[in-house]
There are 2 protein chains.
Amino acid sequence: MERRAYIPQETARRLSLYLRMLRRLRQEKVRIVSSDQIRRFLNVSSVQFRKDLSYFGEFGKRGVGYDVELLAKEIGKILGTDVLHEIILVGVGRLGSALLEYPGFLEFNLKISEAFDRNTRKVGKVCGGVRIRHMRALRQVIKKRNLRIAVLSVPVEFAQEVAEELVSCGIKAILNFAPVNLVLEGDVFVSNADMASELESLVYKLKQKNNNYSLTKKRSIVI
Amino acid sequence: MERRAYIPQETARRLSLYLRMLRRLRQEKVRIVSSDQIRRFLNVSSVQFRKDLSYFGEFGKRGVGYDVELLAKEIGKILGTDVLHEIILVGVGRLGSALLEYPGFLEFNLKISEAFDRNTRKVGKVCGGVRIRHMRALRQVIKKRNLRIAVLSVPVEFAQEVAEELVSCGIKAILNFAPVNLVLEGDVFVSNADMASELESLVYKLKQKNNNYSLTKKRSIVI
DNA sequence: ACGTGTGAACCGATTCACAGCA
DNA sequence: TGCTGTGAATCGGTTCACACGT
């Protein structure tokens, strides 16, 4: 039973995919699953799956596989989805309101329980079951409810300043949808959901495959 | 001047961040930039930046830095943003309509030029300057306009079947917003914009910091 | 035989250390 | 001196090869 001082970042990221998969299998009344079946559903090799789990313990039965119910519960505990996590959302534009109604967060026991916008016309309205508050209330609500995690969906030109404010209010993790790299002091985790850059990467890959832009072909450009 | 048979995937991904940064600097009339300044704006070490560029050529002046205008142009050429790429979007729900109005794609010369939904009430309406068509027209439009890239924002339970249809119509790259791993035949690139999983990873990291297992020692706190 | 668990080998990507040039 | 460019060393993560338990 290997146990390390640290866990590969990528392993942590994949655990959530495993959990989602297992929950679906459980819904379909599947009781036992092997690492090779996981490989077919997700794009993760069976060894990868087993290795990932090995950092936390031994959850399978040799010669048999994994108990879906049990493993889901274990991964849930590891990830912390056994506890409800309350999130705030800042910026209720098109994207923000889509996120407020997005059902996918619930799978991980995540709930956007507060939403903020500086547009007074939006304040007071309810979206995705959440009443929108004015930005003025931000600090007080975060402090009072001791919130740690924020989704940032304000226009790009305000992202940096709002992010700084969030950090000053005690927010420790930000999922940033604005297409800009936030530069922040202190021990705050930032994850960028950069849709345009993601799409651009796809275009680039396609370009490589198609016109086989040879990288050995030297196009030396001198200023 | 090093030139390899292929480019690290991560390098390709970062190029789009560089380009966006350079465009902003250009807007602000900055003419020259050094790799160390880049490090401050993006969370990429200066060596990383130089190394990334070195796969494509020598674009800087030693002792000076990089010509913003010129470098932006070169990276644009590498990425293919010098040409307009037309994209389709399938599934005009909350998220889909937010994406149709999302301005960030234009930075990379990407344009959602067709949108599809199977809800006849939505068909014919205009969103983000695009008239929504019925799914029936999917094949014909893709073939006729020779489109290659799709954004998939249908509900999770339809994602797999719609993705298969897209591939059968000739789509070669899919940006998938549904929280499911698409299993597809053929040479199609899939990129998952998995917002819930992303948020879950943040929660996990936060949990680690507070105690239990620790993640790998990180170069920086940005993911 | 079958499927899990894991140290060791391997691979891609990052960082180091320094050469090269203005 | 200042900043770019890059082979070599290193690091994180994946895969191999096989031991182990049922």
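Just so we're clear, the structure is a prediction, and the values are computed from it rather than from any experiment. Chain letters run A, B, ... following the sequence lines, proteins first, then strands; residues in each count from 1.
- Atom pair Asp52(B):CG and dT15(C):P shows a separation of 11 Å (rounding to whole Å applied).
- Taking a 6.0 Å sphere around CD of Glu157(B), one finds it holds more than 12 heavy atoms contributed by other residues, nucleotides or ligands.
- Looking only at distances, a side-chain donor or acceptor of Lys207(A) sits under 3.5 Å from a matching main-chain atom of Ile78(B).
- Distances from the side chain of Tyr66(A) to the nucleotides dT4(C), dA13(C), dG5(D) place dT4(C) closest.
- Atom OH in Tyr55(A) sits roughly 9 Å away from atom C1' in dG12(D) (whole-Å rounding).
- Electrostatic pairing of Glu69(A) and Lys73(A) counts as a salt bridge here, judged by a charged N lying under 4.0 Å from a carboxylate O.
- Here dG5(D) presents its P atom at 9 Å from CZ of Phe49(B), a figure rounded to the nearest Å.
- Aromatic ring centres of Tyr18(A) and Tyr66(A): separated by at least 6.0 Å.
- Distance, Phe56(A) CZ to dT6(C) P: 13 Å, rounded to whole Å.
- Using a 4.0 Å cut-off between a side-chain N of Lys or Arg and a carboxylate O of Asp or Glu, Glu86(B) and Arg145(B) qualify as a salt bridge.
- Taking atom CZ of residue Arg39(A) and atom P of nucleotide dT14(D), one finds them 17 Å apart after rounding to whole Å.
- Nucleotide dC3(D) holds its C1' atom 13 Å from the CZ atom of Arg40(B), rounded to whole Å.
- In this structure, Arg13(B) reaches neither bases nor backbone, as no heavy-atom distance under 4.0 Å exists between it and the strands shown.
- Comparing dG12(C), dT14(D), dG13(D) by their closest approach to the side chain of Gln9(A) singles out dG13(D).
- Checked against ring-ring contact (aromatic ring centres under 6.0 Å, His included), Tyr102(B) has the following partners two or more places apart in sequence or in another chain: Phe105(B).
- Distance from the side chain of Ser35(B) is smallest for dT4(D) among the nucleotides dG5(D), dT4(D), dA13(C).
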For residues 87-98 of chain B, please give each side-chain donor-acceptor pair under 3.5 Å, one per line with the distance, not counting sequence neighbours.
{"unit_1": "Arg94(B)", "atom_1": "NE", "unit_2": "Glu101(A)", "atom_2": "OE1", "d": "3.3"}
{"unit_1": "Ser97(B)", "atom_1": "OG", "unit_2": "Gly93(B)", "atom_2": "O", "d": "2.9"}
{"unit_1": "Ser97(B)", "atom_1": "OG", "unit_2": "Arg94(B)", "atom_2": "O", "d": "3.1"}

Contact state string [nucleotides 15-22 of chain D, B base, S sugar-phosphate only, - no protein heavy atom under 4.0 Å]: BB---BBS

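- Between the CD atom of Glu10(A) and the C1' atom of dG12(C) there is a distance of 13 Å, given to the nearest Å.
- Rounded to a whole Å, the CD atom of Glu58(B) is 12 Å from the P atom of dT4(D).
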